[in-house]
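The structure appears below as structure tokens.
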Amino acid sequence: AQLAALRMQLQPHFLFNTLNAISALALAEPIRARRMIARLSDLLRLTLEERHTSLVPLSHELEFVRCYLEIQQERFCDRLETRFDVADNTLQAAVPGMILQPLVENALRHGLLDKTTPGNLLIRVHREGGNLHLSVEDDGLGLPEGGAVDGVGLGTTRERLRMQFDDRASLDMRAREGGGTRVDLRMPFRMAAMARAA
């Protein structure tokens, strides 16, 4: 029940931010706004598909993030390049649904949106022994002088990891070498089918 409540805290936050982005384009560029609405529809479908489970296959989570990035690409136009570096042996790993989206959203909003030159976003996933490692990094404006402060997205993500995996998972945010920010997630590696059976 606590995990479900945490997810419900994150989802409206994500939805409102996406609707605000669509609203900003609705009058000036209605065709782009309509494309964003179509992608939002896909996102809502994916969210409803996973509403009864706490863990989903990584492939499902990546599909969700790609839909989200297609929405954001409409905002950034040619100022955003995204890359995925995902090991094939991780695609059926079990991960909490919507675990990457708030990290991607933070990278875009706080790192890349106000950058005057084109920005890059990289999502990496690999397995190391009994752990799954996920990272989101950008070459944006970097962390504020006082360091990162957990907002709704990061705070909820950190708490969801704790609820799901206790101290066997972690979230670490730090400055990226060469500029920008990198967020690393670590969690136990388990196959999605095994997670559902458990």
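Expressed to the nearest 0.5 Å, how far CG of Asn89 lies from CE of Met191 amounts to 9.0 Å. Between the CG atom in Leu113 and the NZ atom in Lys115 there is a gap of 12.5 Å [rounded to 0.5 Å]. The structure places CG of Leu185 at 8.5 Å from OG of Ser135, a figure rounded to the nearest 0.5 Å. Interatomic distance, Glu70 CD to Met36 CE, rounded to the nearest 0.5 Å: 11.5 Å. To the nearest 0.5 Å, the span separating CD on Gln101 from CD on Glu61 amounts to 8.5 Å. Separating the CZ atom in Arg66 from the CD atom in Gln73 is a distance of 13.5 Å, to the nearest 0.5 Å.
Partners of Arg34 under the salt bridge (charged side-chain N to carboxylate O under 4.0 Å, His left out) rule, at least two apart in sequence or in another chain, do not exist in this structure. Looking at residues two or more places apart in sequence or on another chain, you find a salt bridge (charged side-chain N to carboxylate O under 4.0 Å, His left out) between Asp184 and Arg174, Arg182.
At least one side-chain heavy atom of Leu112 sits less than 4.5 Å from a side-chain heavy atom of Asp139. The shortest distance between side-chain heavy atoms of Leu103 and Leu171 falls below 4.5 Å. For the pair Pro96 and Met163, the minimum side-chain heavy-atom distance is 4.5 Å or more. Residues Asn120 and Leu80 fail the side-chain proximity criterion, which asks for heavy atoms closer than 4.5 Å. You'll find the side chain of His110 stays beyond 4.5 Å of the side chain of Thr181, heavy atoms only. In this structure, the side chains of Leu58 and Val86 come closer than 4.5 Å at one or more pairs of heavy atoms. Leu161 is listed as a side-chain neighbour of Ile99, based on a closest heavy-atom distance under 4.5 Å.
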Using the side-chain contact (heavy atoms from CB on, under 4.5 Å) rule, take Asp172 and Val183 through it: C-alpha gap first, then chi angles, then the decisive distance, then the call. CA-CA 6 Å; Asp172 177 56; Val183 181; over 6 Å; no

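The side-chain contact (heavy atoms from CB on, under 4.5 Å) with Val65 is formed by just one residue from the set Val136, Thr82, Leu100; it is Leu100.
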